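One is the number of the first residue; the rest follow in order along the sequence. As the structure is a prediction and not an experimental result, all values here were calculated from the model. We use all heavy atoms of the structure for the numbers below, so side chains are in, but hydrogens, waters and symmetry mates are not.
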Amino acid sequence: MILVGLEPALNQRGIGAKLPVKHANLLPENFGGDWNGCFIASSAYEDRLVMFSMSMSSGDIIDERILYPSESEGTASSSRSTQRTSMRGTIWSICFISQDSRQPSKEHNPVLAVIINRRGSLQNELLLLEWNVKAHKIFVISQYAEAGPLAYDIAEVPNSGGLAFLFRTGDVLLMDLRDPRNPFCVYKTNLNILPNAMEEQTYVDDSCKLHDVDDERFNVAACALLELSDYDPMCIDSDNGGANSGYKYICSWSWAPENNRDPRMIFCVDTGEFFMIEVLFDSEGPKVNLSECLYKGLPCKALLWVEGGYVAALVEMGDGVVLKLEDGRLCYTNPIQNIAPILDMAVVDYRDEKHDQMFACCGVAPEGSLRIIRNGINVENLHRTASIYQGVTGTWTVRMKITDSHHSFLVLSFVEETRILSVGLSFTDVTDSVGFEPNVCTLACGLVTDGVLVQIHRCTVKLCLPTKAAHSEGIPLPSPISTSWSPDNVSISLGAVGHNFIVVSTSNPCFLFILGVRLLSAYQYEIYEMQHLVLQNELSCISIPGQEIERKPSNSSISANNSNISSFQSGVDISKTFVIGTHRPSVEIWFFAPGGGITVVACGTISLTNTIGTTISGCVPQDVRLVFVDKYYVLAGLRNGMLLRFEWPVEPCPSSPINMVDTALSSINLVNSASNVLGKRNDPPSTLQLIAIRRIGITPVFLVPLGDTLDADIIALSDRPWLLHSARHSLSYTSISFQPSTHVTPVCSVECPKGILFVAENCLHLVEMVHSKRLNMQKFHLEGTPRKVLYHDESKMLLVMRTELNCGTCLSDICCVDPLSGSVVSTFRLEHGETGKSMELIRVGSEQVLVVGTSLSSGPAIMPSGEAESCKGRLLVLCLVHVQNSDSGSMTFCSKGGSSSQKTSPFHEIVSYAPEQLSSSSLGSSPDDNSSDGIKLDENEVWQFRLAYATKWQGMVFKICPYLDRYFLASAGNAIRRFCICYLHLLYTVFSSGYFLAIQFYVCGFPNDNPQRVRRYAMGRTHHMITSLSAHFTRIAVGDCRDGIILFSYHEEARKLEQLCCDPSRRLVADCILMDADTAVVSDRKGGIAILCSNHLEDNASTECNMTLSCAYFMAEIALSVQKGSYSYRLPADDVLQGGNGPKTNVDSLQNTIIASTLLGSIMIFIPLSRLFRHLLNTSRSRDIDPEWHDLHVMEEYELLEAVQERLVVHQLTAPVLGNDHNEFRSREIRDGVPKILDGDVLTQFLELTSMQQKMILSSEPPDIAKPSLKPLLPPNVSVNQVVQLLERVHYALN
C-alpha cells in the first residue's frame, strides 16, 4: 500500500466544484458568478450550462439549480430555427449581466451573456439568456452578431447596470446590455494601434500547434479557441510554436478593487503589453479612456488587481510578477515563481552528500529554466526595511559588556559612511553618541573590554566610550570619549578586535600590528603596540576565536594529548591566539605572549588541483574560523566559493616540521620585547590536514558565527546562505530558505533572542530560523525549452536537452550546465530541422557515454490512431571529454584519439540565476571519506561533447533506457530494439588475432577509420506508439499510448525478447518505472497513477496473462516523470521510542519510494505502508473491550490511516471546502474493489489540529452517506499520540 504526500510549498491549487454531469463532453469548462453572489453559472465545453441560486441566509448553500437546455429540450427536434435560439455549439465564455443595483438581485431574473460558436460557423455569437426564477425556465431573449474579428470573451463592467466589454481578436467592444432584448455596441477600441511600449523587448511566441484530433465535434472555431490559449498541456511533445494571426488580443484582465463610479481595468495583450482602460460616464453616455503602455513583459494568463495598487500577473508557463501602480506606470516589485510544467527531473545524491536534490526541467520557451530543488531551513520574516541601504560593505553586532546576553549596537558600514543603530524594539541611530568616525568605511569593529568599543578603518584604529544616550551602561558625559592609533605612512587593509587586544595588517608593505589597550585614568584609555611584524605573504583575512566553552576546566591553557581528540600544543593560551588566511594561500594559527614573541601554532597550505591536474585558482581564504566541538578544527571560506575544513593530525609528524619561512611570518621587529619570536618554545608547528572540501557557490564565502563561543553554528554566506552545523563530522550544512544576500549578522535582543539580520536588495531583513523545513528552489534561466536532464557523476555536471531554440537553424541541442552557477559550458547542436527526443547515460566499460535519440521531422510523434508517425530519426552516441584551455585560448583534449564534431566555445551563454524563495531540506551533510568530490572545475577545465557514433533510423528515437549495465533499450516508431555498445575508444582493449572483445558479448572487426559501432541484438513490437521504457535487472517494462504497459524478459543466449504479461487496463502511458522485477508504477495522461504487480508469473505462464492492479490514485494531474526516491520516514528519536506503545516503523529501502512530477508543477511523493501497527491494550480494562480487540490487536498501518482519513474527509473541520466527495474524486478512473492510495494532504491536517479536536475526530464515525465498505474500524483504545507519532514519521520524511 502507498501513502502519497504533496508538497504544498511548490504548487497550491484550489478545490474545484463538482457538477452533476453524466458525460465526458459535459465537464465544466467556464465558471462565473454575479457581483452580489446570488447566482452562479457553469458551462460544459459545448451545448449545456447550469445555473445555481444561492441561499440569501447562507451564501454557501445552493437552494435552486436549473440545467439548460433541459433533458427534454436536448432531445427535441433540431430544426434550423430552433438551433438559432438554443445552446447548440461550443461555449467560449459566460458572464452575468447586472441590472438595477439599487434592488436586490433576487428580485430580478438573472441575465447571462454567453459567447457561442455554432457548428460550421466561422463567427461567434453573443446570446443573452434569462432565468425566469418563478417559472423555473431559461429563455434566449436576444442574440448579437457583428461581422468582423472573432469574439472570444466577455466581461461585465462593475457598477454600470448592464455594460460589458466584448473581447475580440484585434479590438474590444463596449456593449450596452441594459436592455437585454436590444443589445448594441457603444464604443470600439482598436487593439492593433495601441501606444507602443516604453521599452521594447523581444519575445518568442510560445503557443503550440494543435495535434490532429479524432473527434468531429472539434470544429474550426473550437480549434481557434485552443490556439488563443497560451499553452495546451497535452501538446508538450510538439516542437514548434503555432501560427500568429497578426491581430493583438487581450489575454488577461482585472478590474480595480475599489468601488469607484468610473470603473478601471488593467489588461494585458498577447504581446506582453499592459494598458489601463477606464469607463467614464457623462450626459452623453459612457466613454472609454485608454492609457499609454504601463509595462511590458510576458503575455499573462491571469491578472489580479488588489488593494494598495498591486497587480499579480501570472504567466502560464513561466514565472509571474507582482507589479505596483505608481505615477501612471506599473513597476516591477517581486517575482511569482511558477515551475509548471515539469517536463523532466533528475533525483540524485549530488556530491555524495547522502541527501537527494532534484534537478527539474521547467517552463517552455522563452521562459524555460532549470530548477534545483533542495530541502532547507524555514525562516520567519520579522521585519523588512525600505530599500534605502545601498552600498553596504559590512555589518556587525556588538555588546556593551562581555557578559551581556544581548547585543547593544548594530554597526552598518557603507562605502564612505558608517552608521550605528541601537538594538531593541526599534533600531535608533546613535552614531553620534557612540563615537565612531561617521564619514569612513569601517573595516572591522568590536568590544575590546567592558564599555569600550573599537572601530578600524583604513587610516586609524579608534577606541570609543559610548555615552548613556547610546546605552544605559555608557559614560555619564554629554559626548563620547575616544582615542586613536594610526600606522606610519601606510593604510590598514584588515583588522579584528578581541578581548584586550587588536590585530591589524597592511599591504604594500605587508605589516602586522598587535595592539593592546590599557587604562590610564577614569574614562581615559591608551592604544599601544605589543608586536610589530613584517610579513612575507600578504594577509587575506583575520579572525579572533570566540569565547572558550564553559565546560572547560581552564580558561587559560589547553593541554596537549595524543588521543584522537587533537588540540593545541601545551602552554598555548586560546585567548591570545588568532587565525589568519594568506595569499600564499594558507591558513595559519598564531599565538602571541604579551611581552614575548610570536608562535605559529599550526599551518595548513591550500593547494587544490582539478581532475586533470591543473591548479585551481581563486583559493585565497576570504574568511577563517577556529571551531571546537570535541576537537579543534579550522574552517576556511575561499574567494572562489569553496569551503574547507582543516584538522590537526591524529599523530604528530615531527619528521616534517613547518619551516617558519613557509608561513606568512618572515622577519620580525619586536617593538616592545627583545626576545626571540619563537620565545622559549621548541615545538614545531602542526601541519593542518585538509579533510573536507565543498564548493557551495561561485562567490566568496563568508563565515559568520551565530554565537560568541567556539562551538556555535555558523552561517556560510556565498551565492546563498547555508547553516553550517559545527557539531557534525566533516562538513554538514543546510540551505537556509532565504534569498541571496550580501551580508549577515546575528542579532540577539530581548524581543528577538535568535534574530538574524540579512542585507539583500538594499534592504535590512530581520528573520528568525524556525523548527520547520521547506523546499528551496534555485532557478537557472535557459534558452528554449528544457526537455530532459541527467546528472553526469564524473564531471559533476548537468546534461540538458533543449528544444525550441532561437539560434538560427538550430532548433535543439544538448548542453552541459554547471549546477553551481547555471553556466552553459559546452553544447552539441543537432542538425538543421532535427529535434532531440530522448537521452540517457549508458555505462561502457569504466566510462559513460550519452546516447541521444532524435527526430528529423517537426511534426507530432503520434497519430490519432495511436500509431507512430512515419518520420525518421537519428541515434547518436556522444562522449563527454576533458578540454583544457591554455592561456593562448587553444583547446587541448585530455583523452585519446578522435576528433570533435563540434567547435563550440565552452564559455558562451553565461547566465545568471534568480533568488531562492520557495524552498528542501536536505542537510548537505558531507561524506566521511570522499570529501575531495566537492572540488569543482575552474576556468582551466571544461567538458566538451564529442560525437562518437551516428546513424539514421526509420522512425524517431522516442525513448532510451539503460539495461543490465552494458546494454540500452531504444524505441523507434513501433519497434523496441536492444543494443550493446562497442565504443572502442573508451573500453579496455584486449587484442587477439586482430579482433577486439568488447564488454563480454561479441567479437567485431577493428576498423581503423571507424572504431565506434552499435550492434542490434533483438527486436520486439507493440501495437501502438511506445511512450516509456523502464528496466530492472532482466525485466523490461514497455508503455505505449493505448495498451498500457507490457512486461518483457530478454534471453541473452537466444537473443530474443519474450513477452510475459500485460496491463489489465487500456491506458495512455505518460511514464512508468519498475520498482523491482514484479512491481511497476505507471502514470497516465488522464491524471492517474497505478501500482501493478506480476507476482503470479511462472515458467509456464501464458503470454496473455494480465498484471494485478495493486492500488491506484487519481492525481488529476499528468505526471510526465516518475522516478525512485531516497526518502525514509524514521524520526531521529526513534531509537528512544522503541520501548513505547507506538507503531514500530523501520526505515524503508530507498528504492521503494516514488517521486512524480506533473505538468501543473506539483511534486508528489509516494511512500509504501506495509508494516504492522501493534496496539497493546491496557489489561485493567480488558473486560470492557470487545473480544475482537482483546490483549493484542494487529492491524496494518494502511488500515489505521485509512480509518483516520475517512473521518477527516467528512468532518466539518477538515472536509473539502466546497463539500466535494473526496473518495469519489480520488477514485476516478479506478475500478471498484481496487485499494486506493491514501491522500497525504488530508492526513497531515490531523497534525494541525488541537488535541481535543484530534480526539473528537478519532471518536467519530463516518456518516451514513458513506458506503459501509468505506468505514474501517478503529481499535477502541487507539490514542491520539499513536496516530500522531505515525503521521509525524511520514511528515518528517516529506518536509
Rounded distance [0.5 Å steps], [atom1] in [X] versus [atom2] in [Y]:
X: C361; Y: I339; atom1: SG; atom2: CD1; value: 12.0 Å
X: M358; Y: S1157; atom1: CE; atom2: OG; value: 7.0 Å
X: L798; Y: L782; atom1: CG; atom2: CG; value: 9.5 Å
X: S1030; Y: M1075; atom1: OG; atom2: CE; value: 9.5 Å
X: N338; Y: C362; atom1: CG; atom2: SG; value: 8.5 Å
X: E794; Y: Y791; atom1: CD; atom2: OH; value: 11.0 Å

- Message: Evaluate K779 against D319 for salt bridge (Lys or Arg N to Asp or Glu O under 4.0 Å), listing each step before the verdict.
- Response: CA-CA 10 Å; K779 174 186 177 182; D319 286 347; 2.8 Å; yes
- Task: Going by the side chain to side chain contact (heavy atoms under 4.5 Å, CB included) test, name the single residue among L841, L850, L799 that passes it with L880.
- Result: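 Only match with L880 under side chain to side chain contact (heavy atoms under 4.5 Å, CB included): L799.
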- Among V851, I814, V789, I960, find the one that has a side chain to side chain contact (heavy atoms under 4.5 Å, CB included) with M839.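 Output: one option passes, namely I814.
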- Message: Determine whether L820 and R695 satisfy the following criterion, side chain to side chain contact (heavy atoms under 4.5 Å, CB included), listing intermediate values before the conclusion.
- Response: CA-CA 8 Å; L820 288 172; R695 186 167 186 176; 3.4 Å; yes
Distance-minimising heavy-atom pair for [X] and [Y]:
X: G618; Y: L638; answer: O-CB, 4.2 Å
X: P819; Y: F780; answer: O-CE1, 3.4 Å
X: L343; Y: G363; answer: CD1-O, 4.1 Å
X: A970; Y: V957; answer: CB-CG1, 4.4 Å
X: A950; Y: L876; answer: CB-CD2, 3.5 Å
X: M797; Y: V817; answer: SD-O, 3.4 Å

For residues [X] and [Y], determine if any side-chain heavy atom of one lies less than 4.5 Å from a side-chain heavy atom of the other.
X: L1029; Y: S971; value: yes
X: L964; Y: T1034; value: yes
X: L608; Y: T615; value: no
X: W722; Y: T734; value: no
X: I696; Y: Y733; value: yes
X: L830; Y: T835; value: no
X: I1036; Y: L1057; value: yes
X: I1155; Y: K1124; value: no

- Going by distance alone, is a donor N or O of one side chain under 3.5 Å from an acceptor N or O of the other, for S369 and R371?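 A pair is found: one side chain offers a donor N or O, the other an acceptor, under 3.5 Å apart.
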- Query: Among side-chain atoms of T785 and T803, is any donor-acceptor pair under 3.5 angstrom?
  - Reply: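 T785 vs T803: no donor-acceptor pair found between side chains.
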Under 3.5 Å donor-acceptor, [X] side chain and [Y] backbone:
X: H1032; Y: R1035; result: no
X: T1027; Y: V1069; result: yes
X: H781; Y: P366; result: yes
X: D1071; Y: V1122; result: yes
X: D1040; Y: M1025; result: no

- Candidates R874, E834, E831 - the one meeting side chain to side chain donor-acceptor pair (under 3.5 Å) with T854: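 The residue from R874, E834, E831 that satisfies side chain to side chain donor-acceptor pair (under 3.5 Å) with T854 turns out to be E834.
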- Message: Go through it in stages, so that I can follow the logic: the residues are F945 and S826, the test is side chain to side chain contact (heavy atoms under 4.5 Å, CB included), and I'd like the CA-CA distance, side-chain angles, deciding distance and then a yes or no.
- Response: CA-CA 7 Å; F945 290 106; S826 62; 4.0 Å; yes
Would [X] and [Y] pass as an ion pair if we require N to O under 4.0 Å?
X: D813; Y: R802; value: yes
X: D818; Y: K796; value: no
X: E840; Y: K959; value: no

- Test W943 against V881 for side chain to side chain contact (heavy atoms under 4.5 Å, CB included), laying out the working first. CA-CA 5 Å; W943 293 79; V881 296; 5.7 Å; no
- Does the pair M642 and I616 meet the rule for a side chain to side chain contact (heavy atoms under 4.5 Å, CB included), with working shown? CA-CA 11 Å; M642 288 186 176; I616 297 177; 3.8 Å; yes
- Message: Using side chain to side chain donor-acceptor pair (under 3.5 Å), reason through T699 and S718 one step at a time and then give a plain yes or no.
- Response: CA-CA 5 Å; T699 59; S718 182; 3.2 Å; yes
